[in-house]
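Below is one structure, written out as structure tokens; the observations come after it.
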Amino acid sequence: MENAESIKDQGFDYSLIRDKLLSIIEATANKLEREWPQRYSAVDSARIFFVVTIRIAINTYKTITYICADLPEDFRRDKKFSLSIPALNRTILENIMTLLFVLEDMQQRMEWFYKSGYREWKEALGRYKRDYGLYPEWQDFINHLKAFVINPPGFIGLTSAEIADTDKRIEYWPNPGKMPKYIRQKRPASATTDHLRFLNDWFYKALSGQSHLSLHGFAERGKFFTKEVMINTFGENADAVMEKDLERFRNDQIWLSIILMLALASEMEMHFRIGLDQRLIYLWTLIVGCNDQAKDLYDRRYKIL
């Protein structure tokens with residue numbers, strides 16, 4: 001897709017938004033890094049969390065555009081590589097959902113995020129000691145991790161009780177699919193719940209199925225590796241059907257990547273008022289007429305920009 005003339009079969013010139021989209025996302029990360037809002041000055045640990053999360057999304061998006069590029073031509077770039085894109089799009093979606101989850105209660109969620117990491121380190125130490133504790137070559141690593149667990153960094157803000165009884169006092173950080181349910185139970189009046197539920201129902205579940213190879217994901221991706229079955233089903237048209245379906249699959253994933261990156265920037269604009277709203281509206285306006293999924297999400301969430 002990078003440097004491509006168009007997103008095929010969609011009548012859309014990708015070059016119209018390629019540089020503008022990345023510019024907006026990068027400007028968002030830079031703005032938050034350099035001008036973290038004063039109202040969150042007491043939660044400075046959140047600044048690095050937001051900046052890094054957004055930049056990871058940028059890197060993921062660039063990976064997607066490289067894999068799906070038409071130009072420059074490269075015989076090593078197999079079009080079937082696009083079948084791996086759902087897992088990458090899921091990563092971007094998880095970035096969005098996690099940031100929304102944190103924004104709903106930044107102080108509490110940031111404390112929880114870092115403390116849950118300590119719980120994972122402590123549990124990892126137990127596994128290393130169990131499975132590799134008798135191997136001499138592992139002792140330096142295990143001792144180093146043990147020292148970290150016994151004397152964790154002060155910025156995590158652990159209490160002595162949390163260090164002593166971690167399992168009971170520190171909850172696991174929820175995966176994005178569980179975040180809507182958590183908010184609904186803990187904060188029923190939260191405005192974030194409905195949107196996270198929508199993202200979970202109409203984006204996250206489908207991408208998870210593709211990643212985990214549920215029956216639908218298995219069939220959607222696996223049919224491109226079962227030529228004999230396709231020939232039995234479509235006869236002499238099998239190759240043409242597979243080529244068309246692969247192009248459709250690739251286009252769908254490219255569109256989703258664009259939509260998710262626009263959504264990420266839009267969420268940051270809506271909350272932090274970075275000053276990129278007009279540029280975002282321009283990009284949304286360009287794509288909503290070409291993609292129903294983009295129009296639906298824009299009308300539901302981002303029209304208020």
Exercise. Give me the one residue out of Leu22, Ile25, Leu260 that meets side-chain contact (heavy atoms from CB on, under 4.5 Å) with Tyr61.
Key: Leu22
Quiz item: Residues in side chain to side chain donor-acceptor pair (under 3.5 Å) with Ser23, at least two apart?
Solution: Arg279
Quiz item: If we only count heavy atoms from C-beta on, is the Lys295 to Arg300 side-chain gap below 4.5 Å?
Solution: no
Self-check item: Contact list for residues 88-100, test salt bridge (Lys or Arg N to Asp or Glu O under 4.0 Å), sequence neighbours left out
Solution: Arg90-Glu94
Quiz prompt | Residues in salt bridge (Lys or Arg N to Asp or Glu O under 4.0 Å) contact with Glu35, at least two apart in sequence or another chain | solution = Lys31
Quiz prompt | Test salt bridge (Lys or Arg N to Asp or Glu O under 4.0 Å) applied to Arg76 - qualifying residues, sequence neighbours left out | solution = Asp74
Quiz item: Which atoms form the tightest heavy-atom contact between Phe49 and Thr98, and what is the distance?
Solution: CZ-CG2, 3.7 Å
Quiz item: Any link between Ile56 and Met110 through a network of hydrophobic side chains (Ile, Leu, Val, Met, Phe, Trp, Tyr) touching at under 4.5 Å?
Solution: yes
Quiz item: Given side chains that start at C-beta, do those of Leu199 and Leu100 come closer than 4.5 Å, heavy atoms only?
Solution: yes
Quiz item: Are Leu215 and Tyr204 joined in one hydrophobic group, where the rule is that I, L, V, M, F, W and Y side chains link up if heavy atoms are under 4.5 Å apart?
Solution: no
Quiz item: Just wondering, do Phe113 and Ile156 contact through their side chains at under 4.5 Å, heavy atoms?
Solution: no
Quiz item: Looking only at heavy atoms, what is the nearest atom pair of His195 and Leu297, with distance?
Solution: CE1-CD1, 4.0 Å
Self-check item: Contact summary for Gln108 and Tyr182, nearest pair of heavy atoms
Solution: NE2-OH, 4.3 Å
Self-check item: Tyr298 and Ile259, any side-chain heavy atoms less than 4.5 Å apart
Solution: no
Practice problem: Sorted by first residue and then second, give each salt bridge (Lys or Arg N to Asp or Glu O under 4.0 Å) pair with at least one member in residues 95-105; sequence neighbours left out. | Solution: Glu104-Arg109, Glu104-Arg187, Asp105-Arg187
Quiz item: Is it true that a side-chain atom of Asn200 and a backbone atom of Leu196 form a donor plus acceptor pair closer than 3.5 Å?
Solution: no
Self-check item: All side-chain contact (heavy atoms from CB on, under 4.5 Å) counterparts of Thr166, not counting sequence neighbours
Solution: Tyr118, Arg119, Lys122, Ile170
Exercise. Under the salt bridge (Lys or Arg N to Asp or Glu O under 4.0 Å) rule, collect the residues that match up with Arg197, sequence neighbours excluded.
Key: Asp201
Exercise. Using the ring pair (Phe, Tyr, Trp, His ring centres under 6.0 Å) rule, take Phe101 and Trp173 through it: C-alpha gap first, then chi angles, then the decisive distance, then the call.
Key: CA-CA 11 Å; Phe101 185 70; Trp173 183 253; 5.4 Å; yes
Exercise. Could you tell me whether Asp140 atom CG has more than 12 heavy atoms of other residues or ligands within 6.0 Å of it?
Key: no
Self-check item: Within the 6.0 Å centroid threshold, strictly below: Trp36 and Phe272
Solution: yes
Quiz item: Judged by atom type as modelled, is there a donor-acceptor pair below 3.5 Å linking the side chain of Asn291 to the main-chain atoms of Ala294?
Solution: yes
Quiz item: Side-chain contact, heavy-atom cut-off 4.5 Å: Tyr132 with Glu137?
Solution: no
Quiz item: With distance as the sole test, does Arg184 use its side chain to make a donor-acceptor pair with the main-chain N or O of Thr193 at under 3.5 Å?
Solution: no
Quiz item: Below 4.0 angstrom, N of the basic side chain to O of the carboxylate: do Arg250 and Glu247 qualify?
Solution: yes
Quiz item: Glu33: what forms a salt bridge (Lys or Arg N to Asp or Glu O under 4.0 Å) with it, not counting sequence neighbours?
Solution: Arg55
Quiz prompt | Leu213 with Leu88, same ILVMFWY side-chain cluster at under 4.5 Å | solution = no
Practice problem: Side-chain contact test, heavy atoms from C-beta onward, threshold under 4.5 Å: evaluate it for Leu283 versus Leu286 and give yes or no. | Solution: yes
Quiz item: Where do Ala87 and Ser211 come nearest, in terms of heavy atoms and distance?
Solution: CA-OG, 3.4 Å
Exercise. Please identify each residue that fulfils side chain to side chain donor-acceptor pair (under 3.5 Å) with Gln253, with sequence neighbours left out.
Key: Asn89
Quiz item: What distance do Ser82 atom OG and Ile254 atom CD1 have between them, rounded to the nearest 0.5 Å?
Solution: 7.5 Å
Quiz item: What distance do Ile150 atom CD1 and Leu145 atom CG have between them, rounded to the nearest 0.5 Å?
Solution: 10.0 Å
Quiz prompt | Gap between atom CG of Leu264 and atom OG1 of Thr28 - 0.5 Å precision | solution = 7.5 Å
Self-check item: Of all pairs that satisfy salt bridge (Lys or Arg N to Asp or Glu O under 4.0 Å), the ones with a partner from residues 231-242, not counting sequence neighbours
Solution: Lys227-Asp239
Practice problem: Answer yes or no: is there a side-chain heavy-atom contact under 4.5 Å between Glu243 and Leu246? | Solution: no
Quiz prompt | All pairs passing salt bridge (Lys or Arg N to Asp or Glu O under 4.0 Å) where residues 144-164 contributes a residue, at least two apart | solution = Lys115-Glu162
Quiz item: Between the main-chain N or O of Thr159 and the side-chain N or O of Arg169, is there a donor-acceptor pair closer than 3.5 Å?
Solution: no
Quiz prompt | Ion pair Asp44/Arg47, N-O distance below 4.0 Å | solution = yes
Quiz prompt | Residues Glu228, Lys223; criterion salt bridge (charged side-chain N to carboxylate O under 4.0 Å, His left out); working and verdict | solution = CA-CA 10 Å; Glu228 183 178 346; Lys223 66 184 178 183; over 6 Å; no
Quiz item: Does the distance from a Lys or Arg side-chain N to an Asp or Glu carboxylate O, for Glu26 and Lys62, drop under 4.0 Å?
Solution: yes
Quiz item: Ile142 and Gly133: which non-hydrogen atoms are nearest, and at how many Å?
Solution: CD1-CA, 4.0 Å
Quiz item: Any chain of hydrophobic side-chain contacts (each under 4.5 Å) joining Phe155 to Ile163?
Solution: yes
Practice problem: Can you measure from CG (Leu262) to OG (Ser257) and round to the nearest 0.5 angstrom? | Solution: 11.5 Å
Quiz item: Where the side chain of Ser208 meets the backbone of Lys205, is there a donor-acceptor pair that is under 3.5 Å apart?
Solution: no
Quiz item: Rounded to the nearest 0.5 Å, what separation is found between the CD1 atom of Ile24 and the CD1 atom of Ile274?
Solution: 10.5 Å
Exercise. Ignoring hydrogens and angles, state whether a donor on the side chain of Glu269 or Tyr302 is under 3.5 Å from an acceptor on the partner side chain.
Key: no
Self-check item: Any side-chain donor near an acceptor of the partner, Glu123 and Tyr172, under 3.5 Å
Solution: yes
Practice problem: Report yes or no: do Met268 and Ile48 belong to one cluster of Ile/Leu/Val/Met/Phe/Trp/Tyr joined by side chain heavy-atom distances under 4.5 Å? | Solution: yes
Exercise. Write out all pairs satisfying ring-ring contact (aromatic ring centres under 6.0 Å, His included) with one or both partners inside residues 219-249, taking only residues at least two apart or from two chains.
Key: none
Exercise. Return the minimal non-hydrogen interatomic distance between Pro176 and Pro180, and the atom names on each side.
Key: O-CD, 3.3 Å
Quiz item: Donor-acceptor pair, Arg77 side chain versus Tyr66 backbone, under 3.5 Å?
Solution: yes
Quiz item: In Å and rounded to the nearest 0.5 Å, what is the OG to CG distance from Ser160 to Asp165?
Solution: 11.0 Å
Self-check item: Contact check, side chains of Phe12 and Trp255, non-hydrogen atoms, under 4.5 Å
Solution: yes
Quiz prompt | Any donor-acceptor pair under 3.5 Å from Asp78 side chain to Phe81 backbone | solution = no
